[in-house]
Amino acid sequence: MVTPDKYREIARGLLAKTQAGQANWKQVVADPHDFLLTLPQSKVDVRYLSPATEVDRVRLQLCRTDGVSVGTWEVEEGDEDWDLARELYHTVERSVVGWDKVLEDVEQFLKSETVPS
């Protein structure tokens, strides 16, 4: 069984690896809020859940290579680990989707005098 402390350690490690560009996350085609990291002996899934009538949640799931879950860490908005879980999700999302680069490009265009070709 994976303890809450171990999940926090894993989340911090995944965050650091992702920030350093050392994690090759992929977006799950069926869910734009779900990202998967495939490792040699396992898979890591990070998903943002935002039900209409409930608080937002981030789910970190550890899986075997065949996708069978071996453990889940789910953090709700307002929980003590929310900042860590949310930062992990948003860092993974930014690294895969690249919204920060698009935003930077648009901002540079707005500041420039040139017309794009």
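A quick note: this is a predicted structure, and the numbers were derived from the prediction, not measured.
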*Is there a donor-acceptor contact under 3.5 Å from the side chain of Asp79 to the main chain of Asp81?*
no

*asked:* What verdict does the side-chain contact (heavy atoms from CB on, under 4.5 Å) test give for Glu93 and Phe35, after you've listed the backbone C-alpha separation in whole Å, the side-chain angles of each residue and the deciding distance to 0.1 Å?
replied: CA-CA 7 Å; Glu93 178 191 41; Phe35 300 93; 4.0 Å; yes

*Start with the C-alpha distance between Val44 and Leu39, add both sets of side-chain angles, then the distance that settles side-chain contact (heavy atoms from CB on, under 4.5 Å), and finish with yes or no.*
CA-CA 8 Å; Val44 180; Leu39 302 172; 4.1 Å; yes

_Whether Glu104 and Lys101 form a salt bridge (side-chain N of Lys/Arg under 4.0 Å from carboxylate O of Asp/Glu) is what I want to check._
no

*Output all residues satisfying side-chain hydrogen bond (donor to acceptor under 3.5 Å, both in side chains) with Ser50, sequence neighbours left out; order by chain, then residue number.*
Asp56

_Could you check whether any side-chain heavy atom of Leu49 comes within less than 4.5 Å of a side-chain heavy atom of Val58, counting everything from C-beta outward?_
no

*Side-chain contact, heavy-atom cut-off 4.5 Å: Arg64 with Ser42?*
no

Nearest 0.5 angstrom please: [X] [atom1] to [Y] [atom2], how far?
X      : Y      : atom1 : atom2 : answer
Gln108 : Thr114 : CD    : OG1   : 10.0 Å
Arg47  : Thr72  : CZ    : OG1   : 9.5 Å
Arg94  : His90  : CZ    : NE2   : 10.0 Å
Leu62  : Ile10  : CG    : CD1   : 5.0 Å
Leu37  : Lys26  : CG    : NZ    : 10.0 Å
Thr65  : Lys43  : OG1   : NZ    : 7.0 Å

Check for me, please, whether [X] and [Y] land in the same ILVMFWY cluster - side-chain distances under 4.5 Å, paths through other members count.
X     : Y     : value
Leu60 : Val28 : no
Val75 : Leu14 : yes
Trp82 : Val55 : no
Val70 : Val46 : yes
Leu15 : Trp73 : yes

*In terms of side-chain heavy atoms, does Thr18 have a donor or acceptor partner in Trp25 at a distance below 3.5 Å?*
yes

*Set of salt bridge (Lys or Arg N to Asp or Glu O under 4.0 Å) partners for Glu74, sequence neighbours left out*: Arg57, Arg59

*Determine the minimum heavy-atom distance between Cys63 and Ser69, stating which atoms define it.*
SG-CA, 4.0 Å

*Gln19/Glu87 under side-chain contact (heavy atoms from CB on, under 4.5 Å): CA gap, chis, key distance, verdict*: CA-CA 11 Å; Gln19 289 170 329; Glu87 184 179 6; 3.6 Å; yes

